[in-house]
Amino acid sequence: MRIFVTKFERDMDYLSLIKKPIYSELEDFTKLFNQSLSHDSGLLSQALEHIRKRAGKRMRPMLILLIAKNFGDITPVSQNAAVGLELLHTASLVHDDVVDESGERRGQASVNATYNNKVAVLVGDYILSTALLYVSYTHSETIVRYLAQLGRTLSDGEILQLSNIQNREISEKVYYEVIKQKTAALFEACAGIGALSAHASESDVEAAKKFGQNLGIIFQIRDDIFDYYDSKEVGKPTGNDMSEGKLTLPVIYALNSTGDKAMMELAKKVKEHSITADEIAALVAFTKQHGGIEYADKCMWKFHAEAQKFIEEKVLNSEIKQALQAYLDFVIERKS
């Protein structure tokens with residue numbers, strides 16, 4: 001008898017639990033989202049089809065739908081808001097790949113690599129405009145304003161990250177500022193908009209937003225930990241963040257807790273984009289040897305405990321509680 005479970009099977013177990021209370025509504029979302037990324041002909045049609053084919057797990061739309069169902073019903077407002085937010089996220093990824101000069105996204109060629117930077121920027125602009133169109137269908141000024149503010153926050157986070165590369169200080173505080181304005185802001189908006197679409201009370205909306213923020217922080221720290229391991233499942237080589245000039249939580253902790261001067265010099269070279277592959281390997285090994293991974297893992301579980309309170313206090317329906325628990329556990333335990 002087989003006694004082990006593969007990564008794929010474990011992920012599918014989580015995802016099946018997450019989708020269970022919203023299965024039909026998620027299918028409706030997928031149809032609406034694919035429709036939003038459709039065009040009659042030409043280069044734009046090809047580029048949009050390229051983006052549709054690399055669909056992820058739909059973690060953010062699922063969060064919107066689950067939170068909406070927790071506080072009321074999934075309505076056309078919820079669905080259009082979910083499409084608008086996912087489109088905004090998609091546009092930001094297309095633009096990020098141009099900024100980062102990335103050749104891949106989710107294991108497939110990025111839009112800028114498949115076509116060129118000009119096409120990628122224009123396609124990103126088209127998707128962003130489509131996001132605004134769909135969120136306008138909610139007829140909710142509050143949700144429209146929230147999505148517009150999210151776009152500003154994401155851009156602010158990207159600029160903060162770029163400016164931080166020039167900053168000589170190696171700070172956990174700045175690290176958290178960046179991820180709160182990038183990954184965490186998206187999850188926070190999903191949970192907040194989901195609650196708003198179900199007409200939740202102001203206090204419930206704020207609690208949902210905090211839950212989403214904690215999810216986003218966990219998601220990003222887990223993503224950053226992946227960068228210290230070479231795995232085809234993760235979809236990026238070891239030290240990829242460092243090669244892009246980014247210092248993440250594991251190495252920040254290792255550097256600040258030891259004060260190692262030689263490694264600090266390598267960290268400066270990361271920020272200067274002058275570090276070699278061998279030096280990145282040395283910095284990765286140093287991080288692992290001095291507890292950087294364990295520290296980051298401990299931080300994730302602290303945010304997990306905070307997120308757990310929301311599930312225990314604000315989620316009454318047993319099926320939705322199980323789904324959100326699976327969602328939280330999947331985010332922290334995922335392997336890719």
Donor-acceptor list for residues 182-195 side chains, cut-off 3.5 Å, not counting sequence neighbours:
| residue | atom | partner | partner atom | Å |
| --- | --- | --- | --- | --- |
| K182 | NZ | E158 | OE2 | 3.0 |
| K182 | NZ | Q161 | OE1 | 3.2 |
| T183 | OG1 | Q220 | OE1 | 2.4 |

For residues 121-134, run the donor-acceptor check on the side chains, cut-off 3.5 Å, and write out each pair with its distance to 0.1 Å, sequence neighbours left out.
| residue | atom | partner | partner atom | Å |
| --- | --- | --- | --- | --- |
| D125 | OD1 | H95 | NE2 | 3.4 |
| S129 | OG | D125 | O | 3.1 |
| T130 | OG1 | Y126 | O | 2.8 |

Listing, residues 23-35 side-chain donor-acceptor contacts under 3.5 Å, not counting sequence neighbours, or none:
| residue | atom | partner | partner atom | Å |
| --- | --- | --- | --- | --- |
| E25 | OE2 | K69 | NZ | 3.0 |
| T30 | OG1 | L26 | O | 3.0 |
| N34 | ND2 | T30 | O | 3.4 |

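With sequence neighbours excluded, no residue forms a side chain to side chain donor-acceptor pair (under 3.5 Å) with E49. In terms of the side chain to side chain donor-acceptor pair (under 3.5 Å) criterion, residue partners of S203 (sequence neighbours excluded) are, by chain and number, S201. With sequence neighbours left out, E279 forms a side chain to side chain donor-acceptor pair (under 3.5 Å) with K269, T276. Annotation: side chain to side chain contact (heavy atoms under 4.5 Å, CB included) contacts of A296 (sequence neighbours excluded): I221, I225, L249, P250. Residues satisfying the side chain to side chain donor-acceptor pair (under 3.5 Å) criterion with R145, sequence neighbours excluded, are E141.
Within the structure, the ring-ring contact (aromatic ring centres under 6.0 Å, His included) test picks out the following pairs touching residues 249-268 (sequence neighbours left out): Y253-Y295. Pairs engaging residues 151-186 under the ring-ring contact (aromatic ring centres under 6.0 Å, His included) rule: Y176-F303 [sequence neighbours left out]. Applying the ring-ring contact (aromatic ring centres under 6.0 Å, His included) definition to pairs two or more places apart or across chains, none involves residues 260-282. Among residues at least two apart or in separate chains, there is no salt bridge (Lys or Arg N to Asp or Glu O under 4.0 Å) pair with a member in residues 113-124.
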